[in-house]
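Worksheet: the structure to be examined is printed underneath.
We number each residue from 1, following the sequence as shown. Owing to the predicted nature of the structure, the values given are computational and were not obtained by experimental measurement. In listed order, ligands and their atoms are each counted from 1.
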Amino acid sequence: MKTIIEPFKIKSVEPIRFTTLEERIKILHDAHYNPFLIHAEDVLIDLLTDSGTSAMSAKQWAGMMEGDESYAGARSFFRFEKAVQDLTGMKNIIPTHQGRAAEKILFTIIGGAGKYIPNNTHFDTTRANVEFSGAVAVDFQTEEGKRPDVIAPFKGNMNVAALEKFIQETGAENIPVCFITVTNNSGGGQPVSMQNIRETKSVLNKYGIPLFIDACRFAENAFFIKKREKGYDNKTPKEIAQEMFSYADGVTMSAKKDAIVNMGGFLALNNDSLATQARNLLIVTEGFPTYGGLAGRDLEAIAQGLEEVLDEHYLTYRLRSVEYLGNKLTEIGIPILQPPGGHAIYIDAKSFLPHIAPHEYPGQSVVCELYKIGGIRSVEIGSVMFGKYDEKGNIVSPPMELVRLAIPRRVYTQSHIDYVIECSIELHSNRKSLTGYAITYEAPQLRHFTAQFKPLA
Ligand SMILES: *Cc1c(COP(=O)(O)O)cnc(C)c1O
């Protein structure tokens, strides 16, 4: 088989800035060893997130000029509406400035005290919006989905049996909606099978609970189904995505992921009365229903991006480039969450640095070392991000200490990824000399964004 190449050529380039090792040591020190505090200009390869960091195509940029900026009834809205309707089959398409705005509007209407929202795994903004409304967010990951070393095709699946038991115990009247997140972002970018979506839907039907899809990475999920699930290899990614959405009653989406744009999102609903309430809230918080917090040009770019993301050459390249990085790290001997997901590789820092205890933040140590070696920015997803204190002030760590390397869409070429791999070889050979970190400052909430650290001797 020939090399899977980037299915595009480069028309416009953005220089990246090289720094010396001495400079990076100083930058890291000045940023208190927190990559969120490093200026993006001082980063060579930025793998902090795949959200809003994608490269738009020539056609999307052309759409930016085509954008109709009329306040009401803009042509660009109708193009956007048609693209989302064609994909999701939903009747009511409501643009929002990003995914969490769609979540905020939805849960303001259907959430509230005494309500429970099940999900295969809530993304953090989804959980925050559920909880902000007063409702309780409950996750139903499968057992294999919780085990980083197990290789299985659909580790993002919903645990349907546990979901049904929960519905019986909680009462369907207290569960306004159930979500499935595709791919399962917090679960490592792992896909959900069509069979699992179907089974979830059939259980929900028994109890009259609507199914919503958090569709941020719907195209990556559709392509995993094509590759891995029986009966789908002859279907197009679009047909598969349409089938996924056919089981849903509503959709929330951050267009910053699989619509390949830098900003945007939407809420799509079949239920007309829910849509009317959502539009009324939208007018208060986002804008008129035909732009909802976005410019006409953004709506054009989203409509175009939703089409491009379903191209098989794009998806082949997308999933392969993530898998390529994952396989190479495994060859080097760096343990990762298996198998590689759709948008990111997660280094298992706990098994990689067994000499650093969770309360000394092994993930932060990997993050700092990767920046020092090669100007690569990644993010800790472990005790820094999710650690809580008990009554005695001891840190209670989450089950895993991960470092995420998220791959922006269409931004880096294979040689950039090869460079990351070369730096990872150095990371591996330095592993025994790496030290833990201590937190010297932290905010009361979401501390990982602004925390300050110092390396332990
Ligand atoms: C990014 C993301 C969101 C929130 O979207 P924003 O555009 O960042 O507000 C919700 N769910 C999932 C699964 C995501 O990845």
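Below 4.0 Å from some heavy atom of Arg217 lie the following atoms of ligand 1, by number and element: 15 (O). Residue-ligand proximity, Thr181 to ligand 1, at heavy-atom distances under 4.0 Å covers atoms 13 (C). Taking every non-hydrogen atom of Gln98 and a distance limit under 4.0 Å, the qualifying atoms of ligand 1 come out as 6 (P), 7 (O), 8 (O), 9 (O). The contact set between ligand 1 and Gly99, taken as ligand atoms under 4.0 Å from a residue heavy atom, comprises 5 (O), 6 (P), 7 (O), 9 (O). Counting atoms of ligand 1 from 1 in the listed order, those under 4.0 Å from a heavy atom of Lys256 are 7 (O). Per-residue contacts place Glu103 under 4.0 angstrom from the following atoms of ligand 1 (heavy atoms of the residue considered): 10 (C), 11 (N). Atom numbering of ligand 1 starts at 1 in the shown order; those under 4.0 Å from a heavy atom of Cys216 are 2 (C), 3 (C), 10 (C), 11 (N), 12 (C), 13 (C), 14 (C), 15 (O).
Using a 4.5 Å heavy-atom cutoff, the side chains of Ile38 and Tyr371 are in contact. Looking at Ile94 and Arg279, their side chains come closer than 4.5 Å, going by heavy atoms from C-beta outward.
In this structure, atom 11 (N) of ligand 1 lies nearest to the protein heavy atom Asp214 OD2, 2.7 Å. Looking from atom 4 (C) of ligand 1 to the surrounding protein, the closest heavy atom is Thr125 OG1, 3.3 Å. If you check which protein heavy atom lies closest to atom 1 (C) of ligand 1, you get Lys257 NZ, 1.5 Å.
Heavy-atom proximity to atom 5 (O) of ligand 1, evaluated over Gly189, Ala255, Ser254, is greatest for Ser254.
Contact annotation: for Arg100 versus ligand 1, heavy atoms closer than 4.0 Å belong to both the backbone and the side chain.
Heavy atoms of Gly265 stay at 4.0 angstrom or farther from ligand 1.
In this structure, Asn270 contributes its side chain and Lys91 its backbone to a donor-acceptor pair below 3.5 Å.
By the 4.0 Å N-to-carboxylate-O rule, Lys59 lies too far from Glu307 to be salt-bridged with it. Using a 4.0 Å cut-off between charged side-chain N and carboxylate O, Lys238 and Asp86 make a salt bridge. A salt bridge between Glu286 and Lys104 is absent, with no side-chain N of the basic residue lying under 4.0 Å from a carboxylate O of the acidic one. Asp50 has no carboxylate O lying under 4.0 Å from a charged side-chain N of Lys257, or vice versa, which leaves the two without a salt bridge.
Remark: aromatic rings of Tyr291 and Phe77 are distant, center separation not under 6.0 Å.
A donor atom on one side chain and an acceptor atom on the other are found under 3.5 Å apart for Glu401 and Ser383.
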